[in-house]
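First comes the structure, then the notes that go with it.
In what follows, chains are A, B, ... by sequence order, proteins preceding strands, each numbered from 1.
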Number of protein chains: 2
Amino acid sequence: MEEKFIPDIVIGRLPIYLRALQGMLSENRRVTSSQELGERLGISAAQIRKDLSQFGEFGKQGTGYSIEFLADQIGKILKVDRVWDMAVVGAGDIGSAIARYQGFANRGLQVAMVFDNDPEKIGSQIGSFVIEDIKDLKQKIQESGILIAMIATPSLAAQEVAEELVTAGIKAILNYAPINLSVNEHVHVQYIDPVIHLQRMTYYL
Amino acid sequence: MEEKFIPDIVIGRLPIYLRALQGMLSENRRVTSSQELGERLGISAAQIRKDLSQFGEFGKQGTGYSIEFLADQIGKILKVDRVWDMAVVGAGDIGSAIARYQGFANRGLQVAMVFDNDPEKIGSQIGSFVIEDIKDLKQKIQESGILIAMIATPSLAAQEVAEELVTAGIKAILNYAPINLSVNEHVHVQYIDPVIHLQRMTYYL
DNA sequence: TAGATTGTTAATCGATTAACAATC
DNA sequence: TAGATTGTTAATCGATTAACAATC
């Protein structure tokens, strides 16, 4: 199996391309070009072609790309041509919003479990999920084989939760708590903190 | 006024540095070094020093940086040494979670208004906010002079809302709807879509 | 003083863009 | 055929790192 090295910055753009392609599909479009896609995304056409060329040849000279075919191919590359179960830790406002979020559908992801440590919340429902006791986190995650988790706890708990998740076999963490996590380097971590995005813009105001 | 050009990628790291410094402050730490900061963040010490050197000299040879002083300086650079009012558009799960989010405190930002178009929601409360009619969005935003907005509407409405916000004078948009917005280039846009982050990790699983 | 760490320069590394032959 | 657009190469551009004099 030839494991060609692909820069992470390229991997990071593929989900953006995929989202735009699925948007075009929902507009019943059939074909697009690197130029059109680039204009929609504010990315140069050359860069899109270069990125895609890392994985194969998906277009036709003169006509461009079949939107459906390219979306399928990118989905396969990103391994979202299946559905990944995810665990949510923390059933506060953010955790609840994630658990109910409709936007995972058709994008290869779904919430499967929600955990909290509050006795008042454990056993109650969020959408179709019964909130489980965080004490059972390790066992439930190991049993299910879930590899992806989202942390939506207070900052103070996040590092400890992350360590528990890693022990349970989690390989990818999306952290909503506004702190940097320190985990084994073979575990992938991404961060969502609205303040980081907002402060990046206040500089320019 | 000397307007030196600073790469956007550097601006993008400043909020990360600031968050880490504030974390250290809350641990009652007084002094840090580029090396320690780098280790916490997974960024090289050289890069941190290079980034900071774009704005001035904040450290002392031999001893490092006063955490409080450096945090203050970065706060000034990012213009979060004041409090910016923000508008939230869309009072569903995500909009509600944003409106109630405690994490804006002491980071230069606060929610000031929440809008929705659902007659059932208009007039009711989220936290301390009364949900306002989206029909009044333009007028209320213009009156208040708010420059920052967050979009938490369904995808189909997001582009239209963005245009209305720009007309009302908004200069920075944080978009939670999973679509790319097309707006005047002098308006700053940032995106939060958990699926983008998650798909970036599924590639490696 | 000796040790530590900054700010900065120069070298290296990597990413983006321009350009074009190939070809649908 | 003429026009359009790909995939790819080489050139350009920009970001990161290594190294070290300055100095606390």
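- Look at A:T63 and you won't find any side-chain N or O under 4.0 angstrom from OP1 or OP2 of D:dT5.
- Regarding B:K50, its NZ atom lies at a distance of 9 Å from the C1' atom of C:dT9, rounded to whole Å.
- Residue B:S34 places at least one side-chain N or O closer than 4.0 Å to OP1 or OP2 of C:dT6.
- Here the options are A:I151, A:V89, A:V183, the test is side-chain contact (heavy atoms from CB on, under 4.5 Å), and the partner is A:N175; only A:I151 passes.
- We find that CZ of B:R49 is positioned 19 Å from P of D:dA15, with the value rounded to whole Å.
- Atom CG of B:L70 and atom C1' of C:dG7 are 14 Å apart (whole Å).
- Side-chain atoms of B:D85 do not come within 3.5 Å of backbone N or O of B:A112 as any donor-acceptor pair.
- When both distances must be under 3.5 Å, the Watson-Crick or G-U wobble mate of D:dA22 is C:dT5.
- Note that the CD atom of B:Q190 and the CG atom of A:L198 stand 8.0 Å from one another [nearest 0.5 Å].
- Exactly one of A:R30, A:E68, A:R29, A:R19 qualifies for a side-chain contact (heavy atoms from CB on, under 4.5 Å) with A:M24. That residue is A:R29.
- Closest to the A:S33 side chain, of the nucleotides C:dG7, D:dA15, D:dT5, is D:dT5.
- Atom CG in B:D8 sits roughly 14 Å away from atom P in C:dT16 (whole-Å rounding).
- Among C:dT8, D:dT17, C:dT17, the nucleotide with an atom closest to any side-chain atom of B:S44 is D:dT17.
- Between B:D51 atom CG and C:dT8 atom P there is a gap of 13 Å when expressed in whole angstrom units.
- In this structure, CD of A:Q61 is placed 12 Å from P of D:dT5, rounded to the nearest angstrom.
- In this structure, B:Y204 and A:H188 have parallel ring planes: the angle between them is below the 30° cut-off, well short of the 60° mark.
- Proximity of A:R13 to the phosphate of C:dT16: a side-chain N or O atom is located under 4.0 Å from OP1 or OP2.
- Rounded to a whole Å, the CG atom of B:L52 is 9 Å from the P atom of C:dT6.
- Listed pair B:Y65 / D:dC24 fails the phosphate criterion, with no side-chain N or O lying under 4.0 Å from OP1 or OP2.
- Nucleotide C:dA15 is matched to D:dT12 when pairs are restricted to Watson-Crick or G-U wobble geometry with both distances under 3.5 angstrom.
- Between the C1' atom of D:dC13 and the CD atom of A:Q47 lies a distance of 13 Å, rounded to the nearest Å.
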